[in-house]
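Accompanying notes for the structure given below.
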Number of protein chains: 2
Amino acid sequence: MSRPPAPSPAAAGCPPPRRPPGAKRLANEARILKAAEEVFATAGFAGARTAAIARRAGVPKANLHYYFGTKEALYRRLLETILEVWLAMGDSIRPEADPAHAFAAYIAAKVEHSRRRPYASKVFANEMLHGAPQLRGYLRRELRRWVAAKAKVIEGWVAAGRMAPVEARHLFFVIWAMTQTYADFDVQVAAVLGRKRLAARDYQAAAALITRLVLRGAGLKG
Amino acid sequence: MSRPPAPSPAAAGCPPPRRPPGAKRLANEARILKAAEEVFATAGFAGARTAAIARRAGVPKANLHYYFGTKEALYRRLLETILEVWLAMGDSIRPEADPAHAFAAYIAAKVEHSRRRPYASKVFANEMLHGAPQLRGYLRRELRRWVAAKAKVIEGWVAAGRMAPVEARHLFFVIWAMTQTYADFDVQVAAVLGRKRLAARDYQAAAALITRLVLRGAGLKG
DNA sequence: GTCTATATATCGATAGAC
DNA sequence: GTCTATCGATATATAGAC
């Protein structure tokens, strides 16, 4: 490992300087981000304690601030990692795909994501709930473009008579809602089902029902 | 947390004509609860400031504590008022009702509630998101019983051949998710639609799509 | 009952030793 | 680069005058 250069006086007001990170630092940052996902999801941004994140990550609190600067900067970094995964889903919705299979695959991926990373979904939900103070730009740019592109695909299917006419953008809103509720509201779902935690069969039942509603609603089944 | 006793009515002499005892207090409590709904929805429990609630309600901060004791007690009182409305919806789902009309009416009521009281929906969503620390008991008792009763109605319709077989409890989970997303995630929906705020026609489009998905999914249409 | 002025606790952030 | 010890800011809650 080459020793990083000393910070120049010109950058004195910009802590902490980004450098080629060492292996230990990378590992620590990953641990902190994982811990932050759990704590921010459970407590919200304001309720999250940097001390709790550091403790869960197994690093001193001062290191957390040394790596990420402020609590808000850590939160933004976490949101970035979550959004990457978010936008990557939905690859199955392409013009040449079969509409029924495309929707089924998208719904399956979303439900699986709710099962595997419920904390990530909750952090995102919390940010939306409180007016998206950090994600205004993302919503108006990346997400809006993403939806516009996917809506065009769906409208192409409709024009070709491959599925029934549908408000494509609203269809996405309700698919997101139905799939993400099994992460965001897992406590409610588990309580009503009388379980301590949601089981694999619960997610399977969810995916089956959601797929059925969407496919029949789009005139693709039955 | 005991509340101070109500003032005893002045019996001696003839006091000047006054409002009924506690009228001002009742009005102030209502103003505080309304303000609390907005602030808790926007900032979450931990992020909410009692000073912000008091300012928005137009009362001194000390009065808020005098009326409700602690921030947490105020929050619990607020949740109670929200749950009352929550459980009252769904009256249309009765054994003798027409399934298609019952679902359509329930969905319309839920979407209308998302439009009229988005803050209430967000407070509830925030509580669920963070593990329902105040509502554990409500979920396992009242809500679970509510769903069990409604599920029985739906299973009766299925047994009578009036609709297709369906996982009744999961159907409620996704109906709640779809309808409430237009309150909880209104920022996201508005951004994708390119609006500053959601308009009446957006809620109409939502209700139409959700109703269509549910009715076709239940074999009640098309 | 109402309100100002303040006590007490907590948390984010950092200085400075190593 | 790492970590301990601590500061300063901010918030809940209340004491006490009116």
Side-chain angles (χ1 to χ4, degrees), chain A residues 1-7 11-32 35-36 39-40 42-78 134, chain B residues 1-10 15-16 18-32 35-36 39-40 42-78 134:
Chain A
M1 296 301 157
S2 62
R3 188 186 181 281
C14 307
R18 278 296 180 83
R19 296 165 179 170
K24 182 171 181 185
R25 174 166 182 157
L26 273 180
N28 276 351
E29 285 189 357
R31 293 166 62 86
I32 291 170
V39 174
F40 280 126
T42 310
F45 176 76
R49 301 287 163 243
T50 54
I53 297 172
R55 183 165 9 96
R56 193 175 288 238
V59 303
K61 183 161 68 84
N63 285 32
L64 183 151
H65 283 99
Y66 180 73
Y67 290 148
F68 292 95
T70 66
K71 174 182 171 180
E72 189 177 314
L74 167 61
Y75 179 67
R76 276 198 298 266
R77 279 280 298 275
L78 174 62
Q134 306 290 340
Chain B
M1 193 63 57
S2 63
R3 314 233 312 272
S8 64
R18 297 201 322 165
R19 284 177 294 184
K24 183 173 181 183
R25 172 167 183 156
L26 275 179
N28 276 351
E29 286 189 356
R31 293 166 61 86
I32 291 171
V39 174
F40 280 126
T42 310
F45 176 77
R49 301 288 162 242
T50 54
I53 297 172
R55 183 166 9 95
R56 193 176 287 238
V59 304
K61 184 162 64 85
N63 286 30
L64 183 152
H65 283 99
Y66 180 73
Y67 291 148
F68 293 94
T70 68
K71 175 182 171 180
E72 189 177 315
L74 167 62
Y75 179 67
R76 276 198 296 266
R77 279 279 298 275
L78 174 62
Q134 307 291 340

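Chain letters run A, B, ... following the sequence lines, proteins first, then strands; residues in each count from 1. Note that these values count all heavy atoms, side chains included, but never hydrogens, waters or copies made by symmetry. Remember, it's a predicted structure, so these values are computed and weren't measured experimentally.
At a threshold of 4.5 Å between non-hydrogen side-chain atoms, the residues R55(A) and R49(A) do not count as touching. Counting heavy atoms from C-beta on, the side chains of Y67(A) and L74(A) never come closer than 4.5 Å. Using a 4.5 Å heavy-atom cutoff, the side chains of F68(A) and R76(A) are not in contact. A heavy-atom distance below 4.5 Å is not found between the side chains of Y75(A) and T70(A).
Protein atom CZ of F45(B) is 10 Å distant from nucleotide atom C1' of dT12(D), rounded to whole Å. In this structure, F68(A) atom CZ and dT2(D) atom P are separated by 12 Å, rounded to whole Å. In this structure, I53(B) places its CD1 atom 12 Å from C1' of dT12(D), rounding to the nearest Å. The OH-P distance, from Y66(A) to dG1(D), rounds to 5 Å in whole Å. Here the P atom of nucleotide dG1(C) and the CD1 atom of I32(B) are 13 Å apart, to the nearest Å. Atom-to-atom, CZ of R55(A) to C1' of dT10(C) comes out at 14 Å; the value is rounded to the nearest Å. Across the protein-nucleic acid pair, N28(A) atom CG and dC3(D) atom C1' stand 12 Å apart, rounded to whole Å. In this structure, the CG atom of L64(A) is 9 Å from the P atom of dA13(C), given to the nearest Å.
The side chain of R49(B) contributes no N or O atom lying less than 4.0 Å from OP1 or OP2 of dT10(D). Between dA13(C) and H65(A), a contact under 4.0 Å exists linking OP1 or OP2 to a side-chain N or O. Close to dT2(C), at under 4.0 Å from its OP1 or OP2, lies a side-chain N or O of Y67(B).
Closest approach to the P60(A) side chain among dA13(D), dT4(D), dG12(C) is made by dT4(D) (side chain taken as heavy atoms from C-beta onward). The side chain of N63(A) approaches dC3(D) more closely than any other nucleotide in the set dG1(D), dT2(C), dC3(D).
Residue-level contact check: A48(A) touches the backbone only, with heavy atoms under 4.0 Å from sugar-phosphate atoms and none from bases. Across all strands shown, K24(A) has heavy atoms under 4.0 Å from sugar-phosphate atoms exclusively, and none from any base.
Residue-to-nucleotide contacts include a donor-acceptor pair under 3.5 Å from the side chain of K61(A) to the base of dA13(C).
Rounding to the nearest 0.5 Å places CZ of R31(B) at 14.0 Å from CD1 of I53(B).
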